Amino acid sequence: MDYLKNVYEQTKYMLQQKIKELFANDYSGHDYWHSLRVLNNAERIAKTEKCDEYIVMIAALLHDTDDIKIFETTDYENARRIMLDCHLTEDTIDGVIDIIKEISFKGTETIAATSIEGKIVQDADRLDAMGAIGIARAFAYGGNHNRAIYIPDCQPNINMNETEYRNNEGTTINHFYEKLLLMKDMMNTDCAKSIAQKRDRYMREFLKEFYDEWNEH
């Protein structure tokens, strides 16, 4: 057991160093600290499920390493390179890539992860898009991509497919309705569902305060 724990901790340390370097210049809310928070969420959820915690840890740390919003890579080359550099087995690499493929929000084309490990990492990533941190990340991303905070007559675009979602240039406030407020009902695990309740409530309270302040005369 001590051996397995040591392997877990050593692999986690090596991966953290790799992604710290990879995300060094990201200011869109998908930075190194986001990956660490997803890991923390995933480890918490994993304790409540029967799963391979080693695979969960690796996938959580690497889930954004080839995100189309950040990198122009093919065939998950960043994730593969990092795992090879850390001397992970082909089976582990293939298993992690299978998880990463399914995680992202893709509008109406979003799918629930297949494996329990994938469900855990998917939930962990979604939780970081909610609550106070989710709000902060939304505005960081919006500013990073030259998006307006709010335009009163610009309505949210609901039910977008993946291509429409990727190309959408709506306001940050609209993004709450197009994605963030949908997260609570998309959770896979009971642990994540419980955490999501509070974070969803906080976002709705924020929006109410936002509109109250916007409409003050």
Side-chain angles (χ1 to χ4, degrees), residues 1-106 110-130 133-134 137 140-141 144 166 187-189 191-192 195:
M1 186 63 69
D2 287 342
Y3 171 75
L4 293 177
K5 183 177 180 181
N6 286 338
V7 170
Y8 183 100
E9 293 299 330
Q10 288 171 7
T11 302
K12 180 162 73 171
Y13 176 79
M14 289 189 293
L15 292 172
Q16 286 175 336
Q17 302 314 303
K18 295 290 186 181
I19 64 169
K20 191 172 188 177
E21 179 180 353
L22 183 67
F23 292 109
N25 297 312
D26 184 89
Y27 302 99
S28 72
H30 297 81
D31 57 3
Y32 168 71
W33 298 105
H34 164 64
S35 295
L36 288 195
R37 291 191 303 270
V38 172
L39 172 62
N40 290 337
N41 290 338
E43 289 183 325
R44 176 179 177 182
I45 298 168
K47 298 299 183 187
T48 70
E49 301 286 340
K50 292 181 179 179
C51 65
D52 187 331
E53 294 183 34
Y54 183 66
I55 294 295
V56 168
M57 176 270 291
I58 298 168
L61 284 173
L62 300 183
H63 77 282
D64 266 348
T65 52
D66 293 279
D67 191 315
I68 192 173
K69 297 188 295 296
I70 313 167
F71 303 105
E72 296 180 0
T73 57
T74 57
D75 195 28
Y76 303 92
E77 59 188 80
N78 281 338
R80 293 184 188 278
R81 172 179 52 78
I82 289 172
M83 286 189 279
L84 285 171
D85 286 348
C86 293
H87 310 294
L88 303 187
T89 67
E90 287 296 332
D91 284 347
T92 296
I93 292 172
D94 290 342
V96 169
I97 295 299
D98 285 344
I99 290 172
I100 295 174
K101 286 178 180 178
E102 297 179 330
I103 283 182
S104 294
F105 181 81
K106 300 176 182 177
T110 304
I111 61 171
T114 305
S115 66
I116 184 58
E117 291 80 13
K119 292 180 189 298
I120 290 168
V121 178
Q122 191 173 56
D123 282 356
D125 186 36
R126 288 171 174 173
L127 285 172
D128 205 54
M130 302 180 70
I133 288 176
R137 290 183 64 220
Y141 186 86
N144 190 255
R166 297 294 183 203
M187 295 297 166
N188 301 294
T189 62
C191 179
I195 298 169

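Predicted model only: the values in this text are computed from it and were never measured.
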Review point. So, Y76 versus F71, ring centres under 6.0 angstrom or not?
Key: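 For Y76 and F71, the ring centres are not under 6.0 Å apart.
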
Review point. Around K69, counting heavy atoms of other residues, nucleotides and ligands shown, do more than 12 lie under 6.0 Å from its NZ?
Key: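 Counting neighbours around NZ of K69, more than 12 heavy atoms of other residues, nucleotides or ligands fall under 6.0 Å, so yes.
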
Practice item. May I ask you to check whether over 12 heavy atoms, not counting those of E77, lie within 6.0 Å of atom CD? Key: yes

Quick check for you: to the nearest 0.5 Å, what is the distance between [X] atom [atom1] and [Y] atom [atom2]?
{"X": "T114", "Y": "I116", "atom1": "OG1", "atom2": "CD1", "answer": "11.5 Å"}
{"X": "I195", "Y": "M130", "atom1": "CD1", "atom2": "CE", "answer": "10.0 Å"}
{"X": "I58", "Y": "M14", "atom1": "CD1", "atom2": "CE", "answer": "9.0 Å"}
{"X": "D128", "Y": "H30", "atom1": "CG", "atom2": "NE2", "answer": "9.5 Å"}
{"X": "R80", "Y": "L62", "atom1": "CZ", "atom2": "CG", "answer": "12.0 Å"}
{"X": "Q16", "Y": "T11", "atom1": "CD", "atom2": "OG1", "answer": "11.0 Å"}

Taking all heavy atoms of [X] and all of [Y], pick out the closest pair and write down the distance.
{"X": "I93", "Y": "L88", "value": "CD1-O, 3.7 Å"}
{"X": "I103", "Y": "D125", "value": "CG2-OD2, 3.7 Å"}
{"X": "F23", "Y": "S35", "value": "CE1-OG, 3.9 Å"}
{"X": "A113", "Y": "E102", "value": "CA-OE1, 3.4 Å"}
{"X": "K119", "Y": "A112", "value": "NZ-CB, 4.5 Å"}

**Study point:** Pair T89-D91, side chain to side chain donor-acceptor pair (under 3.5 Å): steps then yes or no
**Key:** CA-CA 5 Å; T89 67; D91 284 347; 5.5 Å; no

Decide yes or no for [X] and [Y]: does some side-chain heavy atom of the first lie under 4.5 Å from some side-chain heavy atom of the second?
{"X": "I97", "Y": "M83", "answer": "yes"}
{"X": "V96", "Y": "K101", "answer": "no"}
{"X": "R166", "Y": "S104", "answer": "yes"}
{"X": "N78", "Y": "R81", "answer": "yes"}

Is there a donor-acceptor pair closer than 3.5 Å between any side-chain N or O of [X] and the backbone N or O of [Y]?
{"X": "D31", "Y": "Y27", "answer": "no"}
{"X": "D123", "Y": "A192", "answer": "no"}
{"X": "Q122", "Y": "I111", "answer": "yes"}
{"X": "H63", "Y": "A60", "answer": "yes"}
{"X": "D66", "Y": "A79", "answer": "yes"}
{"X": "E117", "Y": "I99", "answer": "no"}

Compile the donor-acceptor pairs under 3.5 Å between side chains in residues 39-52 and protein atoms, sequence neighbours left out, one pair per line.
residue: N40; atom: ND2; partner: L36; partner atom: O; Å: 3.4
residue: N41; atom: ND2; partner: R37; partner atom: O; Å: 3.4
residue: N41; atom: ND2; partner: A124; partner atom: O; Å: 3.1
residue: E43; atom: OE2; partner: Y8; partner atom: OH; Å: 2.6
residue: E43; atom: OE2; partner: K12; partner atom: NZ; Å: 3.3
residue: K47; atom: NZ; partner: E53; partner atom: OE1; Å: 3.2
residue: T48; atom: OG1; partner: I45; partner atom: O; Å: 2.6
residue: D52; atom: OD1; partner: Y54; partner atom: N; Å: 3.1
residue: D52; atom: OD1; partner: I55; partner atom: N; Å: 3.2

Check your understanding: Taking it one step at a time, do I82 and L22 satisfy side chain to side chain contact (heavy atoms under 4.5 Å, CB included)?
Key -> CA-CA 10 Å; I82 289 172; L22 183 67; 4.2 Å; yes

Point to revise | Pair M57-L15, side chain to side chain contact (heavy atoms under 4.5 Å, CB included): steps then yes or no | key: CA-CA 10 Å; M57 176 270 291; L15 292 172; 4.0 Å; yes

Practice item. List the steps and the verdict of side chain to side chain contact (heavy atoms under 4.5 Å, CB included) for N188 and R126. Key: CA-CA 10 Å; N188 301 294; R126 288 171 174 173; 4.1 Å; yes

